[in-house]
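A short write-up of the structure that comes next.
One-based numbering along the sequence shown. Counting starts at 1 for both ligands and their atoms, in listed order.
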Amino acid sequence: MSQPQLRNLPSVDALLQDHTLRDLAHRYGHAIVVDACRGALDAARASILAGADAPMPALLIDDVRERAERAVRPSLAPVINATGVIIHTNLGRAPLSEDTLAAMRTTAQGYSNLEYDLDAGERGSRHAHAESIITRLTGAEAALVVNNNAAAVMLILAAFARGKHAIVSRGQLVEIGGGFRIPEVMQQSGATLIEVGTTNRTYIDDYARAVTDATTLLMRVHSSNFKVIGFTHEATLEELAALAHSRDLLCVDDLGSGALIDTSAYGLAHEPMPQESLAAGADLVSFSGDKLLGGPQAGIIVGKKSAVDALKKYPLTRALRVDKVTLAGVQATLLHYLKNEAAKKIPVWSMIAATPEELNARAQKWVERLRAAKLDAAVIDAASTVGGGSLPGETLPTRALALTVASPDEFAARLRQNVPAIVVRIEEGRVVFDPRTVLAVEEDALLAGIERVAKMRGFDMRSSI
Ligand SMILES: *Cc1c(COP(=O)(O)O)cnc(C)c1O
């Protein structure tokens with residue numbers, strides 16, 4: 001323990017006399033810099049007590065500056081997703097199209113006709129905006145946009161099954177992730193969950209036998225993020241709708257992803273589509289705005305006009321409504337589908353549609369640049385996934401950049417600390433970068449980030465040249 005060393009540390013007041021820190025206090029405010037001084041001094045004290053010498057004044061000042069700068073930097077910041085997982089929930093799901101961004105920006109910047117009918121010159125409905133496009137795209141009578149799909153499911157259950165019974169197959173009592181579990185959502189909504197069938201086999205008769213006077217709703221939940229194979233059976237949506245309508249009940253389908261384009265056209269399994277659920281007879285169908293739809297976070301409910309109108313009037317809807325910026329974004333994203341340009345303009349779909357040849361060309365270009373920087377880089381075969389709880393087990397063949405480095409985990413950790421942060425996969429001891437999920441505008445920052453990390457101490461690169 002070195003008390004004299006501790007006494008060598010300056011006081012906060014002494015630190016604040018330094019001219020760079022005085023400048024900093026001028027720019028960021030006194031309180032931020034004082035906090036940073038305290039943090040730096042605490043850290044120095046701890047390392048002295050652990051046996052180190054007191055840091056040189058210049059190092060201490062640097063530490064204060066870094067802490068102050070971190071304090072005024074937004075914690076939510078862009079990340080380059082090189083994982084090849086297209087709808088990565090932890091990385092913010094769907095990147096948005098140019099038109100979507102432009103619409104959100106224009107709407108956020110000024111006033112809009114959010115709740116104003118310009119023809120009549122009087123109050124209008126915010127629900128009207130996205131509704132006409134959604135109904136055209138899906139063939140639904142009516143539509144409603146809320147905060148996310150979890151909110152959509154919660155709202156439907158609260159409005160139609162509060163204090164009543166909703167019947168769900170045991171094979172569909174799913175957890176989506178982030179704590180969204182169907183039984184718990186049911187409980188929150190005030191609906192009583194009636195489970196029928198077994199984990200692997202549920203028949204329409206199981207539902208029929210469970211219907212009582214207290215039943216108001218039959219619900220199907222798409223098992224979006226897992227697959228049950230082998231000895232399995234689920235009642236079809238057609239069967240559920242027929243049973244529901246013969247007993248004066250609602251048939252509700254929670255789809256999750258809500259693909260408006262057929263995923264099987266891209267070599268993937270077929271992801272159920274909202275238009276199919278409506279054609280099968282579902283009264284209400286709910287899906288996310290930021291999964292395969294490729295738009296901002298939202299929950300979309302489509303279905304029978306009477307049911308959707310009842311939802312619009314239900315008090316909880318007010319608490320779950322989206323703001324004008326989201327609404328503008330949902331509308332702009334949906335317009336791509338209407339104009340038949342979704343696969344080209346919506347990033348999620350252009351990522352799905354990217355061919356191995358295109359991806360190979362990009363990976364090859366990256367490798368050349370990194371080899372020129374004396375890095376051990378190669379192009380390899382790899383697999384991308386759709387993610388976002390869609391199409392479990394399905395992969396898209398890709399060509400990726402693989403870097404051989406001394407310690408891949410450490411390298412990946414340093415990449416995450418880069419600005420912008422870079423998130424990667426490690427496969428067979430190599431750091432793998434999948435071009436499928438890296439936007440063209442991010443390529444330079446990605447390669448610069450890799451080069452920067454490779455130059456750091458501890459990464460003596462084993463050159464292949
Ligand atoms: C993803 C998902 C949800 C939750 O949707 P969010 O938009 O994330 O709230 C609900 N149900 C299913 C079946 C899902 O796949």
Any N/O pair Asp290/ligand 1 closer than 3.5 Å: no
Does ligand 1 have any atom that is closer than 4.0 Å to a heavy atom of Val153? no
How does Ala150 reach ligand 1, by side chain, by backbone, by both or by neither, if only non-hydrogen atoms under 4.0 Å count? both
Ligand 1 versus Asn149, non-hydrogen atoms closer than 4.0 Å: side chain, backbone, both, neither? both
Could you list the atoms of ligand 1 found under 4.0 angstrom from a heavy atom of His222? 13 (C)
What is the ring orientation for Trp349 with Tyr266, classed by angle as parallel under 30°, tilted 30 to 60°, or perpendicular over 60°? tilted
I'd like to check the salt bridge (Lys or Arg N to Asp or Glu O under 4.0 Å) partners of Arg430; sequence neighbours left out, ordered by chain and number. none
Can you sort out which atoms of ligand 1 are near Ser288, meaning under 4.0 Å from one of its heavy atoms? 5 (O), 6 (P), 7 (O)
Derivation of the salt bridge (charged side-chain N to carboxylate O under 4.0 Å, His left out) call for Arg399 and Asp381: CA-CA 5 Å; Arg399 295 281 287 166; Asp381 282 325; 3.0 Å; yes
Do Ser407 and Asp409 have side-chain N/O donor and acceptor atoms under 3.5 Å apart? no
Which ligand 1 atoms are under 4.0 Å away from a heavy-atom of Phe180? 10 (C), 11 (N)
If you measure from atom 8 (O) of ligand 1 to every heavy atom of Gln297, Arg181, Arg93, which option wins on shortest distance? Arg93
List the steps and the verdict of side-chain contact (heavy atoms from CB on, under 4.5 Å) for Phe433 and Ile422. CA-CA 9 Å; Phe433 305 79; Ile422 298 166; 4.2 Å; yes
Using a distance-only test with no angle check, is there a side-chain donor-acceptor pair under 3.5 angstrom linking His222 and Asp253? no
Relative to the heavy atoms of Ser224, which atoms of ligand 1 are at a distance of less than 4.0 Å? 12 (C), 13 (C), 14 (C), 15 (O)
Looking at Glu115 and Arg126, is any side-chain nitrogen of the basic one under 4.0 Å from a carboxylate oxygen of the acidic one? yes
Tested for salt bridge (charged side-chain N to carboxylate O under 4.0 Å, His left out) against Arg362, the lone hit among Glu443, Glu368, Glu442 is Glu443
What is the nearest protein non-hydrogen atom to atom 11 (N) of ligand 1, stated with its residue, atom name and distance? Asp254 OD2, 2.7 Å
Residue portion contacting ligand 1 (non-hydrogen atoms closer than 4.0 Å) for Met154: neither
Just to confirm my output: which protein heavy-atom neighbour is closest to atom 1 (C) of ligand 1, and how far is it? Lys291 NZ, 1.4 Å
